[in-house]
Amino acid sequence: QVQLVESGGGLVQAGGSLRLSCAASGRIDSIKTRAWYRQAPGKQHELVADITSGGSTNYADSVKGRFTISRDNAKNTVYLQMNSLEPEDTAVYYCNADIFTIDARRNTYWGQGTQVTVSS
């Protein structure tokens with residue numbers, strides 16, 4: 001049993017910043033990949049950023065230079081620092097993790113989602 005709990009969303013003005021966090025708990029052996037996705041009104045689900053167990057990162061073109069994904073392995077937590085927010089960033093953000101449990105089962109888990117709203 002694994003659970004991902006998200007926090008940090010909210011309402012900000014354009015140009016502002018937010019930091020999202022996602023903490024994983026349960027019978028976790030290792031985490032291969034951590035990621036953030038988002039879904040905006042009228043848009044399809046898209047990958048925002050991800051980070052591998054080796055520390056390699058990847059970002060969507062639309063957020064490069066503004067967002068930073070990071071991790072705290074001791075806390076099983078991944079963060080998304082969002083700077084210079086734009087109205088186009090308004091979406092529900094979901095964290096995602098590819099996890100091996102103690103019994104060697106691998107699966108993908110999702111957080112509950114957190115709303116980010118950027119006003120102009």
Side-chain angles (χ1 to χ4, degrees):
Q1 183 179 6
V2 174
Q3 185 175 13
L4 305 183
V5 179
E6 301 180 34
S7 62
L11 173 64
V12 298
Q13 292 183 318
S17 298
L18 286 173
R19 188 178 75 158
L20 307 183
S21 64
C22 176
S25 62
R27 291 176 287 184
I28 298 170
D29 179 70
S30 63
I31 302 176
K32 180 181 178 181
T33 306
R34 301 173 175 88
W36 289 95
Y37 289 78
R38 69 185 181 186
Q39 187 164 25
K43 302 291 184 64
Q44 66 180 16
H45 206 228
E46 67 171 339
L47 175 67
V48 177
D50 62 58
I51 184 168
T52 69
S53 59
S56 298
T57 58
N58 176 67
Y59 298 93
D61 288 342
S62 60
V63 307
K64 285 182 179 178
R66 300 188 297 119
F67 291 11
T68 302
I69 187 170
S70 62
R71 64 186 180 184
D72 185 333
N73 290 334
K75 297 180 179 179
N76 278 336
T77 300
V78 62
Y79 304 94
L80 185 68
Q81 179 66 47
M82 304 184 293
N83 298 326
S84 301
L85 283 162
E86 304 168 352
E88 292 74 19
D89 296 316
T90 295
V92 178
Y93 285 71
Y94 300 90
C95 64
N96 167 279
D98 192 9
I99 294 174
F100 281 97
T101 55
I102 293 175
D103 63 358
R105 172 175 287 184
R106 180 177 177 176
N107 210 341
T108 300
Y109 300 89
W110 292 88
Q112 80 280 9
T114 185
Q115 177 71 48
V116 172
T117 303
V118 184
S119 62
S120 60

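Treat the numbers as computed from the prediction; the structure is a model and nothing was measured.
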(request) Could you tell me which residues satisfy ring-ring contact (aromatic ring centres under 6.0 Å, His included) with Tyr37, sequence neighbours excluded, listed by chain and number? (result)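 His45, Trp110.
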
(request) State whether the side chain of Tyr59 and the backbone N or O of Ile69 hold a donor-acceptor pair below 3.5 Å, judged by distance alone. (result)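 It does hold such a pair.
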
(message) Determine whether a donor-acceptor pair (N or O, by modelled atom type, separation under 3.5 Å) exists between the side chain of Gln112 and the backbone of Glu6.
(response)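 Yes, the answer is positive, given that a donor and an acceptor are paired below the 3.5 Å cut-off.
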
(message) Quick check on the hydrophobic clustering: are Tyr93 and Val118 connected, directly or via other members, by side-chain heavy-atom contacts under 4.5 Å?
(response)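 Yes, because Tyr93 and Val118 connect within a single hydrophobic cluster, where side-chain heavy atoms sit under 4.5 Å apart.
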
(message) Would you say Phe67 ends up clustered with Val12 if hydrophobic residues are merged whenever their side chains have heavy atoms under 4.5 Å apart, either directly or through other cluster members?
(response)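 Linked within one cluster.
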
(request) Would you mind reporting whether Thr68 and Arg19 have side-chain heavy atoms less than 4.5 Å apart? (result)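 Contact flag for Arg19/Thr68 side chains = no.
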
(message) Between Arg66 and Met82, is there a side-chain heavy-atom distance shorter than 4.5 Å?
(response)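 Not in contact.
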
(message) Side-chain heavy atoms under 4.5 Å apart, restricted to Ile/Leu/Val/Met/Phe/Trp/Tyr: what other residues fall into the cluster of Ile28, or is it alone?
(response)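 So far as hydrophobic clustering goes, Ile28 is joined with Val2, Leu4, Ile31, Ile99, Tyr109.
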
(request) Can you run down the disulfide bond (SG atoms under 2.5 Å apart) pairs that involve residues 85-120, sequence neighbours left out, and say none if there aren't any? (result)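 Those involving residues 85-120 are Cys22-Cys95.
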
Can you name the nearest heavy-atom pair linking [X] to [Y], along with the distance?
{"X": "Leu47", "Y": "Ala35", "value": "CD1-CB, 3.9 Å"}
{"X": "Arg38", "Y": "Ser62", "value": "NH2-OG, 3.3 Å"}
{"X": "Ser84", "Y": "Asp89", "value": "O-OD2, 4.4 Å"}

Starting at [atom1] of [X], measure out to [atom2] of [Y] and round the result to the nearest 0.5 Å.
{"X": "Ser120", "Y": "Glu86", "atom1": "OG", "atom2": "CD", "result": "11.5 Å"}
{"X": "Thr57", "Y": "Arg71", "atom1": "OG1", "atom2": "CZ", "result": "10.0 Å"}
{"X": "Arg105", "Y": "Arg27", "atom1": "CZ", "atom2": "CZ", "result": "10.0 Å"}

(request) Run through Ile51, Asp50, Val78, Asn96 and flag the one making a side chain to side chain contact (heavy atoms under 4.5 Å, CB included) with Trp36. (result)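 Only one option passes, and that is Val78.
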
With [X] via side-chain contact (heavy atoms from CB on, under 4.5 Å) - residues at least two apart:
{"X": "Thr77", "result": "Ser21, Ala23, Lys75, Tyr79"}
{"X": "Asp61", "result": "Lys64"}
{"X": "Thr117", "result": "Leu11, Thr90, Gln115"}

(request) In sequence, state the C-alpha distance, the side-chain angles, and the governing distance for Arg106 and Asp98, and then conclude on side chain to side chain contact (heavy atoms under 4.5 Å, CB included). (result) CA-CA 7 Å; Arg106 180 177 177 176; Asp98 192 9; 2.4 Å; yes

